[in-house]
Colleague: 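Next up is a structure, given as structure tokens.
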Amino acid sequence: LPPSKHYTFDPTRNDAAIGMDLINDTDDKGWRLPYEDYPFATCEIGSGLPIAYKRRSVISPMDAYALSLVKLGCGNNLVGYYMYHGGTNKIGALSTLQESGATGYPNDYPILNYDFNTCLTQYGEVRGQYRLLNLLHLFINDFGDRLAPMEYTPSESYVNENDKVHLRYCMRTDGESGFVFINHYQRFLSLSDIDDAVIDTGKVVFPPINVRGETAFILPFKLKLGEEELIYSTAQLLYKDRDTVFFASIPGIKPVFSFKDMDIFTMSEDEIEIKKTGDLNIVSIPWEKSLYLRKLDTGVYLGEGCDLYIKDGRISSAEAGDYSYLVWNNGGFERIVCEEGSKARPILTMEPCDEPYSPPFIEEFRLGKERPLKWYSLKADTEDGFISIDLKCDVAQIYADKELRADLFCFGQPWRFPAKLIYGRESYLVCTEFNKDVYIDP
């Protein structure tokens, strides 16, 4: 696949490329909507993509995060995604309701499955996109009012989508303060490591940094934080909670901080570190740990490898079983351990069997070319938790008491679904053999 320019800092609006199968770029007289005269908004950033029959694209966490960060740097002031949470299509009274070739659409999609391989699965499990994008959302939620009026300023030389060598960066600034956006990731293209890169904003010169591996980040400069002025930091700004400012240390880059009228200091890359600076607490959190930082209604929390949320006024984890977290309290983190009792994973019994009946939605198996059906009986010993099936096939459906409960165009990853879909029911999985003619992302 050719490299995508959407991972470069190109401020061109993308609207003209959307819906070209239904909407023309210009009218009959050649007039084109002047997109640049309107606010920059991205209502459908691809945090996931649907799995079509002929093309099965797999979106990685960095695919979504770097794309959203780049658009933010280019001037986007309304961050929206499609889809952010996967779902399940309904079946109509007279027909299925998904897009398909039979109804005039260019692609065939599953009947029920609208998972989209996105931030939250169709059944509510958390993917890596959710955690990475949360870093941007914390920043936007707290500093969006400062960012929004800032203008996009490109780098001295434009770096196109085929350039693997030069640093991709831009800034948004009000002429005095601002944010530097750096992206060192492109889908399906490996970028060269860059050592000792020096960013000069015209107001501030950052210390040399090494930009290596797959990474993308935002660096603030000349920013008022309460009564203090941050000249620069080489850590990513996340969130400000009263007298405390949280940063994520970027892998491979020492978190260096410079405040006006204060000595420059460096914090830990590998451990959570807290430093008192003037009237502020500066908290540096290692990148991998910062993925679990959450601002909830009752305070700031850092899950220890778990995704936290509030349920019925109580801090809960999206992952089943025991969990622990840190809560910010009086200038430090307090550790809380929650003993939920580790729930046993459901045990699946899956055995080949003869065809018990003709599947009601057999047309889904006839995409591509018609092939024999393979049947398996399914039994789960509990309704709790998720079942994971790693089965190399083409199209798969699950029936429970002859009702279609789930379907999938297989794309090289295990199929996960709640045990409650099949528990206590006469359940079957039916599938066709793998089709080498369909495209699956490497």
Colleague: Just jot down the salt bridge (charged side-chain N to carboxylate O under 4.0 Å, His left out) partners of D394, sequence neighbours excluded, or say none.
Modeller: R56, R371
Colleague: Can you name the residues that form a side-chain hydrogen bond (donor to acceptor under 3.5 Å, both in side chains) with T103, not counting sequence neighbours?
Modeller: S100
Colleague: May I ask you to check whether over 12 heavy atoms, not counting those of D37, lie within 6.0 Å of atom CG?
Modeller: yes
Colleague: I'd like to check the side-chain hydrogen bond (donor to acceptor under 3.5 Å, both in side chains) partners of K222; sequence neighbours left out, ordered by chain and number.
Modeller: E176
Colleague: Please report the C-alpha distance between F365 and Q397 in whole Å, then the side-chain angles of each, then the deciding distance to 0.1 Å, and finally whether the side-chain contact (heavy atoms from CB on, under 4.5 Å) criterion is met.
Modeller: CA-CA 9 Å; F365 296 110; Q397 295 178 347; 3.1 Å; yes
Colleague: Within the side chain of H85, is there an N or O that forms a donor-acceptor pair under 3.5 Å with the backbone of C119?
Modeller: no
Colleague: Donor-acceptor pairs under 3.5 Å, side chain of residues 271-281 to any protein atom, not counting sequence neighbours: which ones?
Modeller:
| from | atom 1 | to | atom 2 | distance (Å) |
| --- | --- | --- | --- | --- |
| E273 | OE1 | S268 | N | 2.7 |
| N281 | ND2 | T244 | OG1 | 3.3 |

Colleague: Please enumerate all residues that pass salt bridge (charged side-chain N to carboxylate O under 4.0 Å, His left out) together with E161, with sequence neighbours excluded.
Modeller: none
Colleague: If you draw the axis of the six-membered ring of Y239, does the NZ or CZ of K295 fall within 45° of it and under 6.0 Å from the ring centre?
Modeller: no
Colleague: Would you say the side-chain atoms of N183 pair up with the backbone N or O of Y7, donor to acceptor, closer than 3.5 Å?
Modeller: yes
Colleague: Hey, can you pull the donor-acceptor pairs under 3.5 Å for the side chains in residues 62-70, sequence neighbours left out?
Modeller:
| from | atom 1 | to | atom 2 | distance (Å) |
| --- | --- | --- | --- | --- |
| D63 | OD1 | S60 | OG | 3.3 |
| D63 | OD1 | Y185 | OH | 2.3 |
| D63 | OD2 | S60 | N | 2.8 |
| D63 | OD2 | S60 | OG | 3.2 |
| D63 | OD2 | R187 | NH1 | 2.7 |
| Y65 | OH | A216 | O | 2.7 |
| Y65 | OH | Q236 | NE2 | 3.4 |
| S68 | OG | Y81 | OH | 3.1 |

Colleague: Got a list of side-chain donor-acceptor pairs under 3.5 Å for residues 249-265, not counting sequence neighbours?
Modeller:
| from | atom 1 | to | atom 2 | distance (Å) |
| --- | --- | --- | --- | --- |
| S249 | OG | E269 | O | 3.2 |
| S249 | OG | I285 | O | 3.4 |

Colleague: After noting the C-alpha distance and the side-chain angles of Y439 and D437, does the key distance pass the side chain to side chain donor-acceptor pair (under 3.5 Å) rule?
Modeller: CA-CA 7 Å; Y439 172 82; D437 294 330; over 6 Å; no
Colleague: Sequence neighbours left out, what passes side-chain hydrogen bond (donor to acceptor under 3.5 Å, both in side chains) with N160? Give chain and number order.
Modeller: none
Colleague: Between F246 and W328, is the ring centroid distance below 6.0 Å?
Modeller: yes
Colleague: Between T96 (side chain) and Q98 (backbone), is there a donor-acceptor pair under 3.5 Å?
Modeller: no
Colleague: Answer yes or no: is there a side-chain heavy-atom contact under 4.5 Å between K164 and L189?
Modeller: yes
Colleague: Donor-acceptor check, side chain of E364 to backbone of F409, threshold 3.5 angstrom: yes or no?
Modeller: no
Colleague: Which residue pairs pass the salt bridge (Lys or Arg N to Asp or Glu O under 4.0 Å) test when at least one of the two sits in residues 193-202, sequence neighbours left out?
Modeller: D195-R212
Colleague: Do side-chain atoms of S233 reach the backbone of A235 as a donor and acceptor pair under 3.5 angstrom?
Modeller: yes
Colleague: Identify the heavy atoms of C170 and G73 that sit nearest to each other, and give their distance.
Modeller: SG-O, 3.5 Å
Colleague: Less than 4.0 Å between a side-chain N and a carboxylate O, is that true for E304 and R335?
Modeller: yes
Colleague: Any luck finding a side-chain donor-acceptor pair between S177 and D174 under 3.5 Å?
Modeller: yes
Colleague: Quick one: list whatever passes salt bridge (charged side-chain N to carboxylate O under 4.0 Å, His left out) with D407, sequence neighbours left out.
Modeller: none
Colleague: Is the shortest distance from a Lys or Arg side-chain nitrogen in D307 or R131 to a carboxylate oxygen in the other one below 4.0 Å?
Modeller: yes
Colleague: List for me each residue that meets salt bridge (charged side-chain N to carboxylate O under 4.0 Å, His left out) alongside D142, sequence neighbours excluded, and say none if there are none.
Modeller: none
Colleague: Using atom types as modelled and distance alone, determine if a side-chain donor or acceptor of R168 lies under 3.5 Å from a backbone N or O of V159.
Modeller: no
Colleague: Stepwise, does the ring-ring contact (aromatic ring centres under 6.0 Å, His included) test hold for Y114 with F116?
Modeller: CA-CA 6 Å; Y114 207 65; F116 248 74; 4.9 Å; yes
Colleague: Spell out, as yes or no, whether a donor-acceptor pair under 3.5 Å connects the side chain of S47 to the backbone of M83.
Modeller: yes
Colleague: Do NZ/NE/NH1/NH2 and the carboxylate oxygens of E340 and R314 come within less than 4.0 Å?
Modeller: yes
Colleague: For the residue pair N77 and R172, what are the closest heavy atoms and their distance?
Modeller: OD1-NH2, 2.9 Å
Colleague: Sequence neighbours left out, what pairs pass side-chain hydrogen bond (donor to acceptor under 3.5 Å, both in side chains) with at least one residue falling in residues 145-159?
Modeller: T8-Y158
Colleague: Please confirm whether the backbone N or O of L367 pairs with a side-chain atom of Y53, one donor and one acceptor, at under 3.5 Å?
Modeller: yes
Colleague: So that I can tick it off, tell me whether E433 and K374 are bridged by a salt bridge, with the cut-off set at under 4.0 angstrom between side-chain N and carboxylate O.
Modeller: no
